[in-house]
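Encoded as structure tokens, the structure appears first; notes follow it.
Sequence positions, counted from 1, serve as the residue numbers for this chain.
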Amino acid sequence: MTVWTDDRIPIALAPLPGEALESWIGAYARRLRVTNSVFLEAVGLPGARTSHLALRLTADETTALERATGVERQALTSMTLEPYDGLAVAILPSRRKLSRPPAWRFSGSRARYCPGCLGHNAGRGPVFWRLPWAFACPTHHTLLLDFCPDCHQPPHPWKARRLGPRATGTCTRAHSSLGLRAACGADLTQARATPLPAPGLVLAAQRHIITLLNGEPAARPAALAEVKQLYALAWRILRGLHTTADRAPEVVHTVVTECGGGLPQLTREDVGHDAHNAAVGTALARIALHPGHADHEALFEWILETDRSLLKTSKNNIGAMADRWTWSGPELVGRVLAKLDPQATLHARLRYASASPRPRWPDLPASAITRRAAMIPAMLWPGWTMRLLPRPTNNKDPRAGTFRRGCSSFLLLPGGPPQLNFERVGPLLGNQEINTDRDSIERRLYLDHDLTPLASTLAQLARALDEHGSPIDYARRRAAFTSTTVTLDLDAYARLCVQQGWNPGQQHRVLLMRAYLLMLLTGEVHPPPEGASS
């Protein structure tokens with residue numbers, strides 16, 4: 001037998017699974033034949049506003065509701081928007097009010113609704129309807145509705161008013177044609193909703209979103225990252241429907257047809273924030289984000305084309321285009337860079353590592369590039385050079401020396417800041433023939449060859465150096481060993497020649513040995529010293 005305290009309301013009403021706090025308060029008030037405000041006063045919260053409680057409960061409010069209704073505080077919290085704060089909605093910390101959510105545009109206090117659910121559950125509904133990512137009903141296979149069909153306002157069907165209406169599932173908004181205080185009273189359970197195919201893409205997207213937003217706390221960072229990616233894609237998809245729909249892949253027309261055949265409406269400056277926009281945008285964004293659909297890549301390429309068409313300037317290089325995606329996180333930025341790579345210059349392909357398996361935004365500080373310069377010789381290692389030299393197409397000298405210097409300079413570009421261009425990184429290695437080195441690669445050796453292997457290899461080698469380091473400090477060697485500081489023990493050399501029966505040669509041989517030793521130490525080939533033959 002349940003023990004009732006003096007503070008406990010003698011009539012109990014349990015929340016439905018997943019129910020919104022507003023819905024439960026309204027249903028409880030109707031059960032007691034009172035208004036929402038009278039109910040809140042009865043539980044010990046005089047002057048409290050349902051709209052505030054629905055966002056986040058204070059400790060005192062939670063205690064009062066738990067004491068008066070018997071519903072545990074954990075269940076009460078789950079009926080508010082607090083579990084979704086920072087993920088699907090944004091509640092201002094200083095006061096209980098919604099601001100623009102982390103992803104998607106909708107930030108109002110209204111709830112969408114499903115006529116079938118309102119009819120089946122006596123006008124009650126889930127807290128999920130309050131989220132901008134709610135657009136379809138998985139139970140009744142329809143798009144959610146945003147407005148009352150009669151007064152064309154957000155209906156708020158969960159409010160018990162003194163002046164009615166008394167029936168559940170009706171619109172409680174004031175109707176201008178009925179007077180300032182008179183409620184609309186339209187039967188929302190009879191509103192016409194767009195049916196959705198049960199095995200369709202829209203319902204699959206809604207089920208995915210429900211799973212994503214209701215996951216375990218440990219999965220929350222990954223969920224937030226994904227909703228940002230979904231919104232970044234959805235925004236461009238919805239804008240593209242009004243600019244480049246004629247070039248869209250078939251899946252775009254399939255989703256639009258599922259949602260009734262009409263295009264979602266745009267606002268003056270942004271995409272709409274109704275269920276229709278959310279449904280089309282999210283369903284297509286999910287396909288573009290996750291592999292598996294036949295149009296997965298074609299859809300993403302169309303989104304990039306659409307994004308390029310939205311630029312108000314003709315400056316649409318790889319950096320300008322990728323910069324528009326940085327808010328969505330590194331995963332999408334990397335994918336955008338990979339798609340834009342074939343049209344980019346070698347300089348840009350290296351800076352963004354766009355030809356490599358792991359493109360990245362060039363956000364390394366100049367100090368990181370300086371550290372990398374200390375890990376490499378002024379001329380690329382011979383083993384790497386042999387792999388990167390293209391097959392010659394004529395009998396011209398390949399100029400391996402300038403190629404090696406150019407590759408080492410290029411090796412400093414991946415991930416670096418824009419001010420560290422090819423001309424500025426060369427001196428970090430002691431390379432001064434900047435134009436010769438660069439031209440040797442781009443306009444001579446690789447003139448008729450694909451630059452992708454070179455761009456990809458150097459970008460991956462740069463990342464490996466940053467992550468794993470190098471056993472040799474070439475910067476220290478370049479400073480310590482010069483043609484004037486490298487010496488030989490000539491007495492030891494003479495003894496070695498006698499021991500081996502060698503001809504010690506003339507002075508020029510000693511000079512060449514010193515030059516060779518300098519090359520071994522610094523990894524760089526210097527011109528023959530004066531007085532020595534080549």
Check: Do R387 and P453 have side-chain heavy atoms sitting under 4.5 Å apart?
Finding: no
Check: So, does T282 use its side chain to make a donor-acceptor pair with the main chain of A234 at under 3.5 Å?
Finding: no
Note to self: When you measure from the side chain of D295 to the backbone of V251, do you find a donor-acceptor pair of N or O atoms at a distance under 3.5 Å?
What the structure shows: yes
Next item on the list: Return yes if some donor-acceptor pair links the side-chain N/O of D341 with the main-chain N/O of R349 below 3.5 Å, else return no.
Entry: no
Margin query: Within 45 degrees of the ring normal and closer than 6.0 Å to the centroid, is that where the cationic atom of R236 sits relative to W325?
Written below: yes
Margin query: Within this structure, what is the CD1-OG distance for the pair I318 and S354, rounded to the nearest 0.5 Å?
Written below: 4.0 Å
Note to self: As an exercise, state the distance from CG of L332 to OG1 of T326, rounded to the nearest 0.5 Å.
What the structure shows: 11.0 Å
Margin query: If we check salt bridge (Lys or Arg N to Asp or Glu O under 4.0 Å) with E524, which of these qualifies: R477, R405, R404, R478?
Written below: R405
Next item on the list: Take atom CD of Q419 as the centre, draw a 6.0 Å sphere, and report whether it contains more than 12 heavy atoms from other residues, nucleotides or ligands.
Entry: yes
Margin query: Between I369 and P417, is there a side-chain heavy-atom distance shorter than 4.5 Å?
Written below: yes
Notebook entry, point to check: Is there a donor-acceptor pair under 3.5 Å between the side chain of H242 and the backbone N or O of P264?
Noted result: yes
Check: CG/L241 to CG/D246 distance, rounded to the nearest 0.5 angstrom?
Finding: 11.0 Å
Margin query: Let me confirm one number: the OH-CD1 distance from Y84 to I91, rounded to the nearest 0.5 Å.
Written below: 12.0 Å
Notebook entry, point to check: Measuring from I287:CD1 to H296:NE2, what's the distance to the nearest 0.5 Å?
Noted result: 10.5 Å
Next item on the list: To the nearest 0.5 Å, tell me how far T345 OG1 sits from R351 CZ.
Entry: 9.5 Å
Note to self: Using only atom types and a distance under 3.5 Å, with no angle test, would you say the side chain of R509 pairs donor to acceptor with the backbone of N503?
What the structure shows: yes
Note to self: Can you confirm whether I376 sits close enough to W381 that some side-chain heavy atom of one is under 4.5 Å from a side-chain heavy atom of the other?
What the structure shows: yes
Check: Does P102 offer a backbone N or O that forms a donor-acceptor pair with the side chain of Y231 under 3.5 Å?
Finding: no
Check: Are the side chain of N277 and the backbone of Q265 linked by a donor-acceptor contact shorter than 3.5 Å?
Finding: yes
